[in-house]
*Asks:* 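Here it is: the structure, laid out below.
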Amino acid sequence: MNTDSFHIPLVVAAVVFAAFMIWRLWPVFREGQGDAEALLPDGVLREFQSRIEAAASGEEKARALCDAGDACGRKARRRGSAVGFYLRAMREAPASAEIVDRAATGLTQRPRALENLLWRRLGAEAWKGESRSAAKRATQHLARLYAGPLRNALRAKAMERAAESFEG
């Protein structure tokens with residue numbers, strides 16, 4: 001058998017693999033084009049950090065953490081930091097439905113990260129008392145995620161029913 005006949009399928013497979021990898025990584029290449037725009041200046045991050053440290057109350061600190069999360073969520077390379085800021089804000093003010101809404105808005109480009117954050121929020125506090133409204137908003141956002149970008153009809157229906165249970 002001729003060894004040259006094995007090279008053609010190998011080359012075709014390599015080209016297909018390279019095209020697939022470029023297709024999968026294209027968003028990363030596009031984000032890298034505007035490096036100056038994609039990164040937050042260090043001064044802005046220091047300003048947020050000083051606001052967080054200077055906060056007198058838990059709610060004020062949570063608001064500063066959300067502001068930092070919002071700023072990081074707008075920048076492609078800082079979205080991982082945004083999750084951390086929102087999580088810290090939720091720990092500072094666990095009963096705040098506003099923080100849940102801000103996190104959902106700030107992480108629209110990262111549905112898996114938002115899903116993880118919302119589940120962590122739901123697992124951290126009881127779904128009654130002061131935390132009731134925050135838990136309701138978290139279940140509503142999870143229902144939207146599962147009905148939309150994460151496509152899981154069963155989970156979407158379960159989260160819709162969980163949100164409805166807060167009505168009664």
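If you're wondering where the values come from, they're calculated on a predicted model, not measured in any experiment. Numbers here are sequence positions counted from 1.
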*Asks:* For a side chain to side chain donor-acceptor pair (under 3.5 Å) check, start with the C-alpha distance between Arg137 and Gln140, then their side-chain angles and the critical distance, and finish with the verdict.
*Replies:* CA-CA 5 Å; Arg137 295 301 296 150; Gln140 290 171 334; 2.3 Å; yes
*Asks:* Among Ile52, Leu87, Ile99, find the one that has a side-chain contact (heavy atoms from CB on, under 4.5 Å) with Leu65.
*Replies:*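 When side-chain contact (heavy atoms from CB on, under 4.5 Å) is applied between Leu65 and each of Ile52, Leu87, Ile99, only Ile52 qualifies.
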*Asks:* Which heavy atom of Trp119 sits nearest to which heavy atom of Met159, and what is that distance?
*Replies:*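 Nearest heavy atoms, Trp119 then Met159: CH2-CE, 3.6 Å.
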*Asks:* Is the shortest distance from a Lys or Arg side-chain nitrogen in Glu115 or Arg155 to a carboxylate oxygen in the other one below 4.0 Å?
*Replies:*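 Yes.
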*Asks:* Could you pull out the closest heavy-atom pair between Ala82 and Gly73, with the gap in Å?
*Replies:*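 Smallest heavy-atom distance, with atoms named: CB-N, 3.6 Å.
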*Asks:* Looking at Pro94 and Arg121, what are the two nearest heavy atoms and their distance?
*Replies:*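 Of all heavy-atom pairs spanning Pro94 and Arg121, the closest is O-NH2, 2.8 Å.
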*Asks:* Specify the closest pair of heavy atoms between Ala103 and Met90, including all atoms of both residues, with the distance to one decimal.
*Replies:*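 Shortest heavy-atom separation between Ala103 and Met90 comes out as CB-CE, 3.9 Å.
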*Asks:* Ignoring hydrogens, what is the shortest heavy-atom contact between Glu130 and Ala95? Give both atom names and the distance.
*Replies:*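 Nearest heavy atoms, Glu130 then Ala95: O-CB, 3.3 Å.
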*Asks:* Leu150 and Pro111: which non-hydrogen atoms are nearest, and at how many Å?
*Replies:*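 Residues Leu150 and Pro111, closest heavy atoms: CD2-CB, 3.8 Å.
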*Asks:* Quick check for you: to the nearest 0.5 Å, what is the distance between Tyr86 atom OH and Cys72 atom SG?
*Replies:*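 The OH atom of Tyr86 sits 8.5 Å away from the SG atom of Cys72.
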*Asks:* Could you name each residue pair satisfying salt bridge (charged side-chain N to carboxylate O under 4.0 Å, His left out) that touches residues 51-60, not counting sequence neighbours?
*Replies:*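 Passing the test, one end in residues 51-60: Arg51-Asp67.
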*Asks:* Which value, rounded to the nearest 0.5 Å, describes the distance between Arg112 atom CZ and Leu145 atom CG?
*Replies:*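 Reported value, rounded in 0.5 Å steps: 9.0 Å.
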*Asks:* To the nearest 0.5 angstrom, please state how far the CZ atom of Phe48 sits from the CZ atom of Phe85.
*Replies:*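 Nearest 0.5 Å value for the CZ-CZ distance: 8.0 Å.
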*Asks:* From Arg102 CZ over to Ser96 OG, what is the distance, rounded to the nearest 0.5 angstrom?
*Replies:*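 The distance works out to 9.0 Å.
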